[in-house]
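In what follows, a single structure is set out as structure tokens and then discussed.
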Amino acid sequence: MNTFAETLIAWQRGHGRHGLPWQVRDAYRVWLSEIMLQQTQVDTVIPYYGRFLSRFPDLPSLAAAPVEDVLTLWSGLGYYARARNLHKCAQAVMDRHGGAFPADPALLAELPGIGRSTAAAISAFSHGTRAAILDGNVKRVLTRCFGIDGFPGSKNVENALWTLAESLLPASDVDIYTQAQMDLGATVCTRGRPACGRCPVAGRCVALRDGRVGELPTPRPKKWSANGTGASR
DNA sequence: CACCCGTGGCA
DNA sequence: TTGCCAAGGGT
């Protein structure tokens, strides 16, 4: 029996997405795409990515630009702190790393706007580094396939998912594996109406076996508004 | 630790 | 119409 990772890698070669403009071994372009794709879908990012790259073809040009120019090109994408951090990050890479992104995920994660997951993605895509990502797609795939209950945004569940994600890493082809998880989550293991009939790991999916695909991942708990009566939860 | 941040798509 | 969520990170 193939491992989870081997199955996804085999699936990715034939059924994953391959023509996306940031699928290149270039840390600058990978980084730019990863920041734009944070909480933002592929179809929304594509036109912004092209315009941005035309105006800022490399790291030095971005680092040297006024932040206002960066924000102008970002206008409409939302989450504008990402654009400010993007600009700060470009300058930090110039200052700390001589204009080249480091390969080490731990160093990447020290840069503005780059957290643990984005650092792993940049390193895996740019250098094939063996590091686990944990984004919305991976959380959805893992909670379903392994039957993990609890809101994935809560600290304890997220910690468990990180541990699981690390344990599933393949020995090689981490870049393909990383893309496979994202593609599976985006095109098959979707939030609504997942296409379990086309899923390469349907045979070992706990949620599918137990008829719980619609229940996982566990939704965010509702917030209780203050009501002045002293009632609380 | 939970919460906030922008916009667009979907039921 | 309203709610919920999407390639998360900073606070």
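We use all heavy atoms of the structure for the numbers below, so side chains are in, but hydrogens, waters and symmetry mates are not. Note on naming: letters A, B, ... go to the chains in the order of the sequence lines (proteins, then strands), and numbering restarts at 1 for each one.
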By nearest atom, which of the nucleotides C/dC5, C/dG9, B/dG6 is closest to the A/R191 side chain? C/dC5
Which whole-number value in Å describes the distance from A/I35 CD1 to C/dG10 C1'? 12 Å
Any base atoms under 4.0 Å from A/T44, or only sugar-phosphate, or nothing? Heavy atoms, all strands. nothing
So if I take every side-chain heavy atom of A/K155 and compare against C/dC5, B/dA2, C/dG9, which nucleotide ends up nearest? B/dA2
Under 3.5 Å side-chain donor-acceptor pair for A/N85 and A/R82: no
Rounded to whole Å, please give me the gap between CD in A/Q39 and C1' in B/dG9. 14 Å
Winner on side-chain proximity to A/T118, out of C/dC5, C/dG8, C/dA6, is C/dG8
Taking the six-membered ring for Trp and the full ring for Phe, Tyr or His, determine whether the centres of A/Y28 and A/F56 are under 6.0 Å apart. no
So A/W22, base contact, sugar-phosphate only, or nothing? Heavy-atom distance under 4.0 Å. base
Donor on one side chain, acceptor on other, A/D183 and A/Q12, under 3.5 Å: yes
What integer number of Å spans the C1' atoms of B/dC1 and C/dA6? 23 Å
N or O in side chain of A/R140 less than 4.0 angstrom from C/dA6 OP1/OP2: yes
Once you round it to whole Å, what is the distance between C1' of B/dG9 and CG of A/D43? 10 Å
Taking the same atom, P, in C/dT11 and in B/dG6, what whole-Å distance lies between them? 13 Å
Atom CE of A/M36 to atom P of B/dG6: distance rounded to whole Å? 16 Å
Is the phosphate of C/dA6, meaning OP1 or OP2, less than 4.0 Å from a side-chain N or O of A/Y79? no
What I want to check is whether the side chains of A/D58 and A/S61 have a donor and an acceptor closer together than 3.5 Å. yes
Tell me what A/G76 touches on the nucleic acid: a base, only sugar-phosphate, or nothing, going by heavy atoms under 4.0 Å. sugar-phosphate
Could you give the distance separating C/dC4 and B/dC3 at their P atoms, to the nearest angstrom? 14 Å
May I have the distance from A/M182 (atom CE) to C/dG8 (atom P), rounded to whole angstrom? 8 Å
Can you confirm if the aromatic rings of A/W74 and A/Y48 lie within a centre distance of less than 6.0 Å? no
Candidate nucleotides C/dG8, C/dA6, C/dC5, ranked by approach to the side chain of A/R220 - the nearest: C/dC5
Hey, is the side chain of A/T40 pairing donor to acceptor with the base of B/dG6 inside 3.5 Å? yes
First of A/R193 and A/A81 reached from the 5' end of DNA chain B, by closest nucleotide: A/A81
Want to settle it: does A/E34 or A/I114 sit nearer the 5' end of DNA chain C, counting the closest nucleotide to each? A/E34
Give A/Q181 one of three labels, base, sugar-phosphate or nothing, depending on what nucleic acid heavy atoms sit under 4.0 Å from its own. nothing
Nearest whole Å is fine: how far is C/dG9 C1' from A/Y80 OH? 17 Å
Pair A/D173 + A/R130: basic N to acidic O under 4.0 Å: no
Map A/G136 and A/K88 onto DNA chain C by nearest heavy atom, then report which one ends up closer to the 5' terminus. A/G136
In whole Å, what is the span from the CZ atom of A/R82 to the C1' atom of C/dG8? 9 Å
Contact class for A/L20 (heavy atom, under 4.0 Å): base, sugar-phosphate, or nothing? base
Euclidean distance, atom CD of residue A/Q38 to atom C1' of B/dC4 [Å, nearest integer]: 15 Å
